[in-house]
Amino acid sequence: MFAPNQFKKSTFELDLHPVYLPFWTFDMNCYTRYSARRGDYVYVTVTKVDRDGNRYTDREREIRWSFRTGHCTNKFDDVLVLGSKNHTNRAHINKICNFDFNNLEKFNPKFLIGYAGEKISLPLEEGFKQAKENVQLEIERSIKWQVGGDEVRILTCDTDYTDVTFKQILVPIYNGIYNYRGKQYSFAMNGQNSKVAGGYPVSGIKVFFFVLSIVVILLAFILFVTSIA
């Protein structure tokens, strides 16, 4: 939405480079012990005094906290970790890695005919560390769902990883570059389903008016609240 309108109408000469990139994939079962604070919203009636000295009642929201402990289990299949340590297009590649692993084939050198291939350079230990970081958000979602309430603050989270298996795989990626008004932008494309992620120019005018509209809405809301207080 922030790209210049002229950019959206333009055509580009793309510099595409197909490559098979190495990934680690991990399967694992996770057993997590946790402690958390559960917050439940309650509404209480309070008496206030307006600017003219008149008393009136209003309802205010409070949060009542309670302590919770428990455990949850999660199973993860094919957690992907890019096996290249210094790939410059890493951020874009991570956004397009929704491959269908039901179609995995055993390695055959013939697949690499006409394509570049990169060897895996990320050690297994580092790959597994990244995989654990990748699943942490889903574990925290499970904890919050189990604790319930209107707000949850996780205090401790200790996870055991069992039945861990891993594979090395090569996946087809297209790395691309294009130029717009003298500046170069990179992107990556999934070689299986054509999903694309990459950089693009941003219109300063669009960003300015977007921020301005948010400020106007906030000021209008503040004025409204002040007028009825």
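Hydrogens, waters and symmetry mates are skipped; everything else that's a heavy atom, side chains included, is used.
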- Query: Just wondering, more than 12 heavy atoms not from Leu219 lying within 6.0 Å of its CG?
  - Reply: yes

- Task: Using atom types as modelled and distance alone, determine if a side-chain donor or acceptor of Lys195 lies under 3.5 Å from a backbone N or O of Phe99.
- Result: no

- Ile96 backbone acceptor or donor facing Asn190 side chain under 3.5 Å: yes

- Task: Taking Asn179 for its side chain and Gly182 for its backbone only, find out whether a donor-acceptor pair lies under 3.5 Å.
- Result: no

- Is the side chain of Asp52 donor-acceptor paired with the backbone N or O of Asn54 at a distance under 3.5 Å, no angle test? no

- Message: Go through it in stages, so that I can follow the logic: the residues are Glu138 and Arg141, the test is salt bridge (Lys or Arg N to Asp or Glu O under 4.0 Å), and I'd like the CA-CA distance, side-chain angles, deciding distance and then a yes or no.
- Response: CA-CA 5 Å; Glu138 187 61 35; Arg141 287 197 187 103; 3.0 Å; yes

- Item | Evaluation steps, side chain to side chain contact (heavy atoms under 4.5 Å, CB included), between Tyr31 and Thr162 | CA-CA 8 Å; Tyr31 178 86; Thr162 59; over 6 Å; no

- Item | Exercise: do Glu151 and Tyr41 side chains pair donor with acceptor under 3.5 Å | yes

- Message: Would you say the rings of Tyr180 and Tyr185 are close, in the sense that their centroids are separated by under 6.0 Å?
- Response: no

- Determine whether Phe128 and Val81 fall in the same hydrophobic cluster, where Ile, Leu, Val, Met, Phe, Trp and Tyr are linked whenever their side-chain heavy atoms lie under 4.5 Å apart. yes

- List the steps and the verdict of side chain to side chain contact (heavy atoms under 4.5 Å, CB included) for Lys132 and Thr159. CA-CA 9 Å; Lys132 290 190 288 186; Thr159 300; over 6 Å; no

- Query: In terms of hydrophobic clusters joined by side-chain contacts under 4.5 Å, are Val215 and Ile222 together?
  - Reply: no

- Query: Should Tyr174 and Ile113 be counted in the same cluster of Ile, Leu, Val, Met, Phe, Trp and Tyr side chains packed under 4.5 Å apart?
  - Reply: no

- Backbone of Ile177 reached by a side-chain donor or acceptor of Gln184 within 3.5 Å: no

- Message: I need the Ile154 CD1 to Tyr34 OH distance, nearest 0.5 Å.
- Response: 9.0 Å

- Item | Atom pair CD1/CG of Ile93 and Leu82 - distance to nearest 0.5 Å | 5.5 Å

- Just wondering, are more than 12 heavy atoms of other shown residues or ligands nearer than 6.0 Å to CZ in Phe107? yes

- Query: So, does Asn193 use its side chain to make a donor-acceptor pair with the main chain of Asn98 at under 3.5 Å?
  - Reply: yes

- When you look at CZ of Phe166, are more than 12 heavy atoms from neighbouring residues, nucleotides or ligands closer to it than 6.0 Å? no

- Hey, what do you get for CD1 (Ile169) to CZ (Phe23), rounding to the nearest 0.5 Å? 7.0 Å

- Take Leu124 and Phe26, measure what side chain to side chain contact (heavy atoms under 4.5 Å, CB included) needs, and give me the verdict at the end. CA-CA 10 Å; Leu124 176 61; Phe26 295 90; 3.8 Å; yes

- Message: Walk me through whether Ile139 and Cys157 qualify under side chain to side chain contact (heavy atoms under 4.5 Å, CB included).
- Response: CA-CA 9 Å; Ile139 292 174; Cys157 179; 4.2 Å; yes

- Find out if a path of hydrophobic residues (ILVMFWY) with successive side-chain heavy-atom gaps under 4.5 Å connects Ile120 to Val19. no

- Message: Around atom CZ of Arg64, are there more than 12 heavy atoms from other residues, nucleotides or ligands closer than 6.0 Å?
- Response: no

- Message: How long is the straight-line distance from NE2 of His17 back to CG of Asn175, given to the nearest 0.5 Å?
- Response: 8.0 Å

- Query: Short question: side chain of Arg38, backbone of Val147 - any donor-acceptor pair under 3.5 Å?
  - Reply: yes

- So if you build clusters from Ile, Leu, Val, Met, Phe, Trp, Tyr with side-chain heavy-atom gaps below 4.5 Å, do Tyr115 and Leu104 land together? no

- Message: Show the nearest heavy-atom pair for residues Gly199 and Tyr178, with the distance to one decimal.
- Response: O-OH, 2.7 Å

- Task: Might you point out which heavy atoms bring Cys72 and Gln146 nearest each other, and give the distance in Å?
- Result: CB-OE1, 3.6 Å

- Note on the structure: Between Ser35 and Thr156 the two heavy atoms that sit nearest each other are OG-OG1, 2.5 Å

- Message: For residues 72-85, which residue pairs pass the side chain to side chain donor-acceptor pair (under 3.5 Å) check, not counting sequence neighbours?
- Response: Asn74-Ser142, Asp78-Lys167, Ser84-Glu118

- May I ask you to check whether over 12 heavy atoms, not counting those of Phe221, lie within 6.0 Å of atom CZ? no

- Message: Just verifying a value: how many Å separate Ile143 CD1 and Arg68 CZ, rounded to the nearest 0.5 Å?
- Response: 14.5 Å

- With side chains defined as the heavy atoms from C-beta onward, is the minimum distance between Asp100 and Gln192 less than 4.5 Å? yes

- Residues Gly149 and Asp40: closest non-hydrogen pair is CA-OD1, 3.5 Å

- Query: Hey, does the side chain of Trp24 reach the backbone of Leu122 with a donor-acceptor pair shorter than 3.5 angstrom?
  - Reply: yes

- Query: Could you state the interatomic distance from CG (Leu155) to OG1 (Thr69), rounded to the nearest 0.5 Å?
  - Reply: 10.5 Å

- Find out whether Phe76 and Val164 are in side-chain contact, i.e. whether some heavy atom of one side chain is under 4.5 Å from a heavy atom of the other. no

